[in-house]
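Start at 1 and go down the list; that is how both ligands and their atoms are numbered.
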Amino acid sequence: MPDTWTPTSWSHCPYPQAATYPHAAHLAQAVLQLSQKKPLVHLNNILQLKRLIARAGRGQAFILQGGDCAESFNDCRPAMIRSQLNLIMKMAELLAPYINGPVVPIGRIAGQYAKPRSSAWEQQQGITLPSYRGDLINAAKFDENARVPNPARLLKGHRSAAITLKFIHEKIKSTEFYTSHEALHLHYESALTRRGKQGRWYDFSTHLPWLGIRTSQLDSAHVEFLRGIANPIGIKIGPDATPDWLISLLERLNPQREAGRILLITRLGVQHVDHLLPTFIQATQTHNHPVTWACDPMHGNNLQTQSGIKTRHLDTVWQELQRTFTIHQTHQSHLGGLHLEMTPASVTECLGGKTNLSESDLKTAYHSLLDPRLNQQQALELIERFTDLLTARRHTNF
Ligand code: PEP
Ligand code: CO
């Protein structure tokens, strides 16, 4: 246990992506209330997930992580949650026959309410307002008041997460299901951080908090917070990352080299994956860091249409997944997981797929609060292509 660490030691570190609240006292009051709320997840399940992530790192399980880019408080309804669960469980079921060991379903759910933004400002028709930062912070509506950070949303976030988890437990009784979200809003995360077994600290807001690429500087508040909790941790790796940064980060977050502690989620983009991924794999091997690798083939492959709509093409997403899988194989490593933005709704946010969605279709049903998601058909098609690849590799005895 690091000696200088406390659940709030992060507050002395640089804090990228911080929301500026108009009244510090209101924020402090909300944080105090949040710190008296019940933990959202159980310690045994956090520990179980860590063991499963360790197995996936050895090629004896597979992590399937997926859900919305930005979860909305409005989606906290039984029908929405049921269909999101059905989709991920269906995908897990399709994958299972091709995987050694269990497929481990993890939702981007029950807490994926805070979003990092590339720009602090959004412009529409000559009006500039602060960006939407996720329901945990402000509202998506393009309106001056809606965009002011409101600390009452921290409590609403906890309530929505608790309700979502209750629906999940009612729906899934026999199987394990885990939750994850980006550990972006540290007031929220640290207020839900409590002592567990043997005096170790755990973030009880979710089983698997992850570190996003915009907050992963070695001296950031986010790294400081994550180093002291004993949950398994996801780390996104983008195209600007370097092997030196990765190794320094792993030394900070997993100095004991505990298997299952670290899930590395690469989102390099199809144009970078071939030259960058091997350098990260080799660095972890050289420095003996036991990590589990997952592929997020979504975030490195964004494109903008001529009319300014943010989208992704299923073929590009597939290419990054396919190359990532192959690169691991040729470097004595395993691809142990897949991370997707997807929804059971029949949205038209990503291009391609069997119905060959094109640019002109995007307007029909574009509902995402932020990044474009695969719809159900596209998500299932990606799994189908992946299982074809796994079958082909098995037959060639790779
Ligand atoms: C995300 O997963 O929605 C996200 C913002 O990811 P990244 O940090 O990889 O850009
Ligand atoms: Co996203």
Side-chain angles (χ1 to χ4, degrees), residues 15-19 63-72 75 84 88 106-120 122 131-137 140 179-186 189 206 208-217 220-223 225-226 233-242 245-246 249 253 262-270 272-273 276-277 280 293-304 309-313 316-317 320-321 324 337-343 347 349-350 366-375 378-379:
Y15 190 139
Q17 298 285 333
I63 306 294
L64 179 64
Q65 189 179 8
D68 292 311
C69 178
E71 198 184 0
S72 147
D75 288 345
Q84 192 62 271
I88 194 161
I106 309 180
R108 290 174 58 115
I109 202 165
Q112 180 52 14
Y113 300 127
K115 295 304 301 177
R117 301 309 310 268
S118 302
S119 168
E122 181 183 344
S131 293
Y132 168 58
R133 291 172 174 275
D135 279 11
L136 199 60
I137 295 164
T179 64
S180 65
H181 62 250
E182 179 169 348
L184 186 70
H185 200 312
L186 297 179
E189 303 304 330
T206 188
L208 176 72
W210 81 76
L211 180 66
I213 65 163
R214 291 166 193 79
T215 51
S216 63
Q217 304 81 350
S220 79
H222 300 77
V223 172
F225 171 69
L226 291 170
I233 293 171
I235 301 174
K236 294 283 204 101
I237 303 182
D240 295 330
T242 65
W245 160 83
L246 177 61
L249 186 64
L253 294 180
I262 302 287
L263 180 68
L264 294 181
I265 308 165
T266 56
R267 32 84 86 226
L268 299 167
V270 76
H272 300 298
V273 67
L276 290 182
L277 183 55
F280 295 120
W293 295 94
C295 172
D296 164 0
M298 311 290 295
H299 284 90
N301 297 308
N302 288 344
L303 63 98
Q304 266 212 352
I309 303 175
K310 194 173 173 187
T311 187
R312 296 154 173 164
H313 199 294
T316 322
V317 167
E320 180 165 350
L321 172 57
T324 300
L338 175 59
H339 182 119
L340 297 174
E341 286 185 341
M342 62 194 198
T343 172
V347 298
E349 297 170 4
C350 290
Y366 199 112
H367 302 309
S368 179
L369 290 171
L370 290 170
D371 287 340
R373 302 160 294 180
L374 301 176
N375 61 30
Q378 291 168 326

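- Here Pro116 has side-chain heavy atoms under 4.0 Å from ligand 1, and that is the only part of it that gets that close.
- Formation of a donor-acceptor pair under 3.5 Å by the Glu182 side chain with backbone atoms of Lys115 is not found in this model.
- In this structure, Ile237 CD1 and Leu211 CG are separated by 10.0 Å, a value rounded to the nearest 0.5 Å.
- For the residue pair Arg108/His339, the side-chain donor-acceptor check at 3.5 Å is satisfied.
- In terms of protein heavy-atom proximity, atom 4 (C) of ligand 1 is closest to His299 NE2, 3.5 Å.
- Of all the atoms in ligand 1, the ones that sit under 4.0 Å from a non-hydrogen atom of Cys69 are 3 (O).
- With respect to Arg312 and Glu341, a salt bridge is recorded, a charged nitrogen being found less than 4.0 Å from a carboxylate O.
- Within ligand 1, counting atoms from 1 as listed, the ones closer than 4.0 Å to a heavy atom of Trp210 are 2 (O).
- If you check each of Lys236, Glu182, Lys115, Arg214 against atom 2 (O) of ligand 1, the one with the closest non-hydrogen atom is Lys236.
- If you number the atoms of ligand 1 from 1 as listed, the ones under 4.0 Å from a heavy atom of Arg267 come out as 7 (P), 9 (O), 10 (O).
- In this structure, Asp68 contributes its side chain and Gln112 its backbone to no donor-acceptor pair below 3.5 Å.
- Ranking the protein heavy atoms by distance from atom 8 (O) of ligand 1 puts Ile213 N, 3.0 Å first.
- Vertex the Co ion (ligand 2); arms to Cys69 SG and Asp371 OD2; angle rounded to 10 degrees, 90°.
- Of all atoms in ligand 1, listed by their number and element, those nearer than 4.0 Å to a heavy atom of Gly212 are 8 (O).
- By the 3.5 Å distance cut-off applied to N or O atoms, Asp371 is not counted among the residues near ligand 1.
- Counting the atoms of ligand 1 from 1 in the order shown, those under 4.0 Å from a heavy atom of Arg108 are 1 (C), 2 (O), 3 (O).
- Taking 4.0 Å as the cut-off, Glu341 counts as a neighbour of ligand 1 on heavy-atom distance.
- Using modelled atom types, one side-chain atom of Thr206 and one backbone atom of Thr179 make a donor-acceptor pair closer than 3.5 Å.
- Heavy-atom separations between Gly238 and ligand 1 are all 4.0 Å or longer.
- The main-chain N or O of Pro209 is never found under 3.5 Å from a side-chain atom of Ser180 such that the two would form a donor-acceptor pair.
- Angle NE2(His299) to the Co ion (ligand 2) to OE2(Glu341): 80° [nearest 10 degrees].
- In this structure, Tyr15 and Leu184 approach most closely via the heavy-atom pair OH-O, 3.2 Å.
- Remark: the backbone N or O of Gly300 is not paired with any side-chain donor or acceptor of Glu320 at under 3.5 angstrom.
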